There are 2 protein chains.
Amino acid sequence: MDPQKRVEEMLYKLKERDFRITPQRLAILKTLAASKGHPSVDDIYQEVKALFPTTSLATVYKTVSLLKELNEVLELGFPDGSNHYDGYNPAPHPHAICIKCKKIMDPELMNIDELSEEMSKKTGYKIFHHRLDFFGLCPACQQKN
Amino acid sequence: MDPQKRVEEMLYKLKERDFRITPQRLAILKTLAASKGHPSVDDIYQEVKALFPTTSLATVYKTVSLLKELNEVLELGFPDGSNHYDGYNPAPHPHAICIKCKKIMDPELMNIDELSEEMSKKTGYKIFHHRLDFFGLCPACQQKN
DNA sequence: AGGATAGATGATAATCATTATTGTTAAATA
DNA sequence: TATTTAACAATAATGATTATCATCTATCCT
């Protein structure tokens with residue numbers, strides 16, 4: 001999807017709920033929409049400062065948190081305690097994560113819905129979303145051994 | 001599996017690597033092996049104090065961390081930042097998590113290995129383990145509405 | 001069994017990502 | 001362009017986890 005389209009989607013969601021569009025927020029939206037590398041809050045902060053230099057870290061936290069509530073950004077907490085964000089594709093999707101270099105890939109994967117269905121049947125839970133990550137070594141790190 | 005068996009398994013792993021068996025560690029092992037409710041470090045700490053009262057929180061952190069490295073306890077970090085542990089079944093397995101009351105179920109689920117295989121083929125990653133959680137409402141919380 | 005020693009412990013200080021606070025600024029609306 | 005009030009920047013507070021270090025003890029050796 002075109003990053004610009006993503007920005008417009010997010011803007012629509014904000015306006016719909018009467019949240020204000022500020023230059024700081026716009027800078028954060030643009031950064032998130034263009035990011036394909038699952039940035040941390042601090043990563044986003046560094047990029048945003050280039051677009052709107054006086055933006056504070058707290059504002060990045062608050063805006064990312066707001067977008068998370070609006071389901072316009074996907075939060076990924078990792079075992080080491082760090083949080084990373086996907087604003088390009090905010091729907092739940094599987095990840096392959098390199099335990100060495102931390103590179104993340106987001107391939108399309110077949111029917112997780114089937115698993116979700118099975119889980120729902122076995123537990124009686126009404127399921128809304130999920131999280132699926134695979135941990136291993138990326139091709140590059142396998143060679144480096 | 002019998003909790004006592006699990007304690008012995010963990011003891012074996014510790015001895016195998018020349019880690020010492022202290023009363024504090026034994027109390028932590030027993031608590032983990034018997035726990036079916038995915039306790040937090042502090043939950044474990046509270047229980048352990050009943051078995052060996054002078055145990056400190058730091059020791060619980062260190063022992064749980066050690067067992068994690070030995071793959072004898074499964075760490076579950078949650079979106080709210082909290083960490084919970086499964087010492088009863090330390091192999092990766094899917095969870096159904098209630099977003100309201102936080103109740104966790106661990107049903108057997110069919111072939112995740114297939115998905116893992118697919119992921120490996122599509123990314124070239126050599127995959128060692130995974131994490132699969134479904135988020136929704138448990139039967140009780142659905143009724144409470 | 002007794003002693004030596006390296007690993008484990010307890011108590012607490014330090015860390016650090018995140019959240020809360022507060023006075024100020026500016027987006028939205030008429 | 002004046003009003004209202006959400007959003008802002010700067011920074012203090014929080015709280016879970018980790019580090020530190022003096023003391024203690026599980027294990028090994030004789």
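The sequence lines fix the lettering, A, B, ..., with proteins before strands; numbering per chain opens at 1. These numbers were taken from a predicted model, which means no experiment stands behind them.
Per the geometry, OH belonging to B:Tyr61 stands 18 Å off P belonging to D:dT20, to the nearest Å. Separating the CG atom of B:Asp18 from the P atom of D:dA26 is a distance of 16 Å, rounded to the nearest angstrom. At whole-Å resolution of the value, NZ in B:Lys15 and P in C:dG7 are 19 Å apart. Put simply, CD1 on A:Ile21 is 9 Å from P on D:dA7, counting in whole angstrom units. Rounded to whole angstrom, the span from the NZ atom of A:Lys62 across to the P atom of D:dT11 amounts to 14 Å. Atom CD1 in B:Ile44 sits roughly 14 Å away from atom C1' in D:dA16 (whole-Å rounding). Here the C1' atom of nucleotide C:dA27 and the CG atom of A:Leu26 are 13 Å apart, to the nearest Å. Atom P of nucleotide C:dC16 and atom CG of A:Leu57 are separated by 15 Å, given to the nearest angstrom.
Taking the centre and axis of the six-membered ring of B:Tyr12, the NZ or CZ atom of B:Arg6 falls outside the cone set by 45° and 6.0 Å. Cation-pi geometry between B:Lys49 and B:Tyr45 is met: under 6.0 angstrom from the ring centre, within 45 degrees of the axis.
Residue contacts shown for A:Asn83 are limited to sugar-phosphate atoms, with no base heavy atom under 4.0 Å away. Among the protein residues, A:Ser65 comes within range of no part of the nucleic acid, since none of its heavy atoms lies under 4.0 Å from any strand. Residue A:Pro23 is classed as a sugar-phosphate contact, given heavy-atom separations below 4.0 Å to backbone atoms only. When heavy atoms are screened at a 4.0 angstrom cut-off, B:Thr54 is found touching the sugar-phosphate backbone but no base atom.
Between A:Arg131 and B:Phe135 the shortest side-chain heavy-atom distance falls below 4.5 Å.
Distances from the side chain of A:Phe19 to the nucleotides D:dT11, C:dT9, D:dA7 place D:dA7 closest. The listed nucleotides are D:dA26, C:dG10, D:dA9; the one nearest the side chain of B:Thr22 is D:dA26. Of the listed nucleotides (D:dA9, C:dT9, C:dA27), D:dA9 has the atom at the smallest distance from the side chain of A:Thr55. Nearest nucleotide to the B:Arg20 side chain, out of C:dG7, D:dA10, D:dA6: C:dG7.
Under the 4.0 Å criterion applied to side-chain N and carboxylate O atoms, A:Lys122 and A:Glu118 are assigned as salt-bridge partners.
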Quick one: do B:Leu51 and B:Glu47 satisfy side-chain contact (heavy atoms from CB on, under 4.5 Å)? Show the steps, please.
-> CA-CA 7 Å; B:Leu51 295 174; B:Glu47 283 200 48; over 6 Å; no
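OP1 or OP2 of C:dG10 sits under 4.0 Å from a side-chain N or O of B:Thr59. Dashed line: the shortest gap from a side-chain N or O of B:Gln24 to OP1 or OP2 of C:dG10 is under 4.0 Å.
Heavy-atom nearest nucleotides on DNA chain D were determined for A:Arg25 and for B:Gly81, and the one closer to the 5' end corresponds to A:Arg25.
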